[in-house]
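Only one structure is covered here, and it is reproduced in the block below.
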Amino acid sequence: MQSSLPRTYLILVGYLADGRQENNEKLVDGCLYVKDNTGIIPCELLHFRLEWLDSLLVFPSWSYIPQGDQSAAGYLEILVDPVPVNAPREELHSIPVTSPMSAEPLLASRIPCKKRSKLTVAGELTRLGPLLCIHQKTFFFLFLKCFASAVCIPVLVQKPSQMLWHHVFQLGHSYTITDLSMSSLKKSGQTMFVTSVSSCLLPYCAEQVREQPLNSAWQGESTQTSSFETAEHLSCSLQLGAEEERLRPTKESKIISYVGFVTKILNVQAGLFLLDNQVCLCLAYQPLLNSARGLRPGACVELIDVHLLQKPLVSFPFAVLGACLSSMVVLKSFSRLSTLYQPMASSRNLCLQLLFRFNLGMPLYLWLVSLLEMFEERFSCFFGHSRLLSSTHQNPGAAEKFLVPLLQAVVPGREEARDIYNEILSKTHQCPLQKSLSLDPPCQAPSLSAVCHVAIQKSWEGFSPSQLLSPLEAQHMGTQELNRRLAWSYCTLSAESFQPQLILVGVLRVSSRSSSLQLQDKSSKLPCVISHKDGSPFTQTALIGSLLQVENYQLVVERFLKTDFPSWEHLKNLEHVRKRKTSVYVQFYFEDVQVLHAAERRIQKGLRSGNSSSLRKRKDGSTTSELETPEAKPLKSEDPKADCGRDENCQEAQSSSSSTTSCVSRLFLVTQKESLMPRNYQLPAEETKEAQEQQRSFQATVLWLGRPQLWSHPGEIGNLAELEETGCGGKEGVTQQEALLLFLGRSLRWFPFLHVDGVYHLIVPCCSDLEVFDKLYFPPVPATFLSRPSCPLCLRVQDSWHLQHETWISCLPECQLSVLTGLEQRTASIPEVLSSSFTGSLVSFCGEILTRALCASPKNEKPLVIAGLPKKKGTLLSRDHSVKLSVSAASGSPVVVDVYITATCLQHLRGLLPGAKIHFQNLERKISRFHNVYCTYIASSCLSIISLPASHLPSPSSPAEESSSPSLVFLCNLRPQLQNLAQARILCHLSCVLTVCLQWICSLCSCIFKEGRCTRHNPPCPSQTGVRQASARVLVEDGTGEAVVLCRNEHVAAVLGLSLLEWEALQNCVQSRGSVCIQHGEAPGTGCLEESEDLVACYLRSLCRSPLICRPILLDFSLDRKPSKILQPAPPQLRNFHSGEVEFVSQVGPRPSLLCLKVEEVGQDALCYLNSQRMNRTSSSC
Ligand SMILES: [Zn+2]
Ligand SMILES: [Zn+2]
């Protein structure tokens, strides 16, 4: 893949320079350049001699390495040492030098350096620090060792002309440096030698130097000079310390040296290189002033004293060699491969900025790099690298906004600067790389496709169909019901459900195809549902195209199963799961959103009247400020790519000149919004191609407020001048005009933003024609009907038009409201909807979803299925299914109304989960043949989510987890109008058992199942599986009235007082008989179904007659909404009652029919307690 570098045999002639003369302002960075009178190119050499500087050289072998970015210049790699054209100057004269051993004590003395004369020191180079650039000053440190002992002295090289020395120094070689003075650091007091302008670097040559005893003047002053022995001792202990450090690998990282080849550049901006395909070299802690020139794949590097960190970050695949300020990185040979040069930016490098700002250790740094890499990968295609990363002090870029809070959370209060001098000079090594820890990433922000993948995986992890059903229920279910109950389930995941915690980041989009909001990144799209915490719907069209971050969310995975389980006994056998599908979406509150990058603001002017939309008056009168409403509303629509073709001209026009930015807007109030479904609209001529087919659309009835307005600039739209005109101005001139807005095609994207009671601007960009709306009206009905006054005009919302939410009708000031009184949607309460006095067929109400279940569509409901509508991918719900939502007024409220929505309508309705509060609008109110009120979702209906389910909601896999026991009531209080009572409890006396019926029925056809076969013969039924079902009717009374209670299945056992074992045995006896039924008062032998002497029947009969059956019980029940006709309550009648010897006659009302939900035995103590409570309540209510 990587071809070797092509060689051109050209000889290069030029001067070597350090770049100082070229540009006086230019910072001396220590780099070398080749120049002639035509130009200058940076170059890298493996060896350098000072005498080459500024002399004419012939370069016999070199390579030019172009930059990856073609526009920028590359650099030269000098492969063979250059040859000077002129003979080198000879400078051989002996000079007096001081060895480091005798100079070291000088550093320990505290004599002001100015008083001292300059010193020349010679020694062996033991360490060479990296070139550093701080506060526009470039410098480096080196350490010279005495020839005879281990004493080492630090030398700071700081003059611009001396930066080239860095290229000269080679470890182990000896050098002489002249004219050194002494200096100390203000902060730590550490002392060192410092070069002066006149300092020279000379190679050490024993013959040319003579050891000079310390200057007599110096000797005299340094009275407290420590002895050599002390110095010796110090350096020994230093070495010992270092040894000790190396022996503790668990806490401290090992310091090693390494030679290897660069095999891959992992991330040049983060300073990460792969060596020998096995270990990562991290240069981030050691600034590279040469922009990583030479570090191309194929180059050989020698690393001296680098930290070996075995597994700093769990998710990072390599061990890391970290170079700190006391490490050395030496380029040993250039790469022979033809790979481009990627420069490492030293300024505006976000990775490095954050590394130094938060003083990060290696594990956190690698984590930061991985987050940033992922972030760039996902979003640079939307915003471009530079816009994601660029940040100024006042205006941090998206990446910085994303990363800084995360780092602040992980390293609180760690914003202390690194002390680099201490790192370099301290006798005991101190640097951020010393700790060798292994870090689990604190959080992650993976791509959306990965999020969906993991969420789906988690939703099926450990999933088994039996979790969805309680075994007590499931064992009595027939095939159809069983499989229907399994067909649709869900699970919700939060940020904490993932390890590490998962942060969602995405660009907010709205799809006109699915009319849903989406978060998007390069990899995928994730549908989303956004709500406001105050219950108002989401309307911020300005957020389209913005980059959002959400940490508090509910990721919902809807699971669809196609199964054919014959009965509950087969639930373990997963062969019966034929198909499984999922759909994933996320829901969150707008208040939990952080905008990392606001959508492009093409329109900068954003002066808005303060009282309109920035402040929002709630219905209760309080005023809350809307969070983070971007000032200017961009006229940018959903998909920049898709837009390019369509309204490019328009947008360009907007940005280019102000004369064409004028636009027309008209204010309107939404009075009704209808659901999204195919409608039979005849479109204007240009779209006749699709006119034959039904178009998916939605429509809204609106009231125009004021006349169209002309704006010179879209940014000005926002004051509600029209309203003032409508409200306070001449009322007579303004007629309230209704219109039907029709949304088709691309304008379907406004579906999630348009809500009833909202006041919006409809904006026609690049337009100055005030009659633009009037011209586009078209009648939805033949022209002959048009003359009728009630016929509304229909206006198709054009693709390029824009919608901008201004306020809500409830937030308008009184004077403006007066015109609109009575227009606010009327929302009924659930008890009102259920009341028999309710009139009207369309109802709107708010409520919390208690349960959600699939059921077969009611027979009389025609499913809203239109041919040609593609089945939504991802669901397996068959079209004849409906979802039944049980909705209560508030959590804990006993009153419930059922809402039925056909499966086809569910496609666009996300967030219908138990626990969610929903505003249902314009549902059809219906009454069943049992006189129950229920509602159905029809074409004119819509809904909005008021609040999301609490996140601590018990998972649906643990059904019937009741939070509190239902309230205790009296039978006399059960009035028929309370038929939607969800659940209540009575303390009652079981008077008698009216009927008991135990059966085995066929799981397929519900015929009697006997001796392992279905009894249906015509046509014969192939079923192999029977399920047992039991039912009983009992009579109870609680002193205030009587009721008939229908008990099913396991409740029959409870009411008969049978243990589970006895119940099992009894049901097994029925298996061979098919069915056993008895009735109260029936004489033996007159059984209707079975032969007279059936043992099981006899047993049941005697059980029911036993006085033990009649006992106090605690009964949880709901009202039987479909009471049996046979047991319909008789009209009020006179009945005799006995109390001891006394007989009463009393009029008794009709017996209510109850459905048993739970039977509890009552002990003597509990009975006394409950009775006393009853007494209290009776007396207090009397
Ligand atoms: Zn270190
Ligand atoms: Zn059958």
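Since the model is a prediction, treat every value here as computed from it, not as a measurement. Both counts, for ligands and for their atoms, begin at 1 and track the order of listing.
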- Task: Could you pull out the closest heavy-atom pair between Gln269 and Asn349, with the gap in Å?
- Result: O-ND2, 2.8 Å

- Is it true that the side chains of Thr191 and Ser184 contain a donor and an acceptor less than 3.5 Å apart? no

- Residues Glu473, Arg485: salt bridge by 4.0 Å N-O rule: yes

- Query: If you leave out waters, which protein N, O or S atoms are less than 2.8 Å from the Zn ion (ligand 2)?
  - Reply: Cys1002 SG, Cys1005 SG, Cys1014 SG, Cys1021 SG

- Task: Taking side-chain contact (heavy atoms from CB on, under 4.5 Å) as the test, write out the residues that go with Asn277, two or more places apart.
- Result: Thr263, Leu274

- Query: For Val330, what residues pass the side-chain contact (heavy atoms from CB on, under 4.5 Å) criterion, not counting sequence neighbours?
  - Reply: Glu302, Ile304, Met328, Lys332

- Between Thr563 and Asn483, is any side-chain donor less than 3.5 angstrom from a side-chain acceptor? yes

- Does a salt bridge link Arg1028 with Glu1064, judged by any charged N lying under 4.0 Å from a carboxylate O? yes

- With the Zn ion (ligand 1) as the centre, enumerate protein N/O/S atoms below 2.8 Å in chain and residue order. His307 NE2, Cys324 SG, His429 NE2, Cys431 SG

- Nearest heavy-atom contact between Met192 and Phe141 is SD-CE2, 3.4 Å

- Note on the structure: Residues Leu1004 and Ser1023: closest non-hydrogen pair is CD1-CB, 3.9 Å

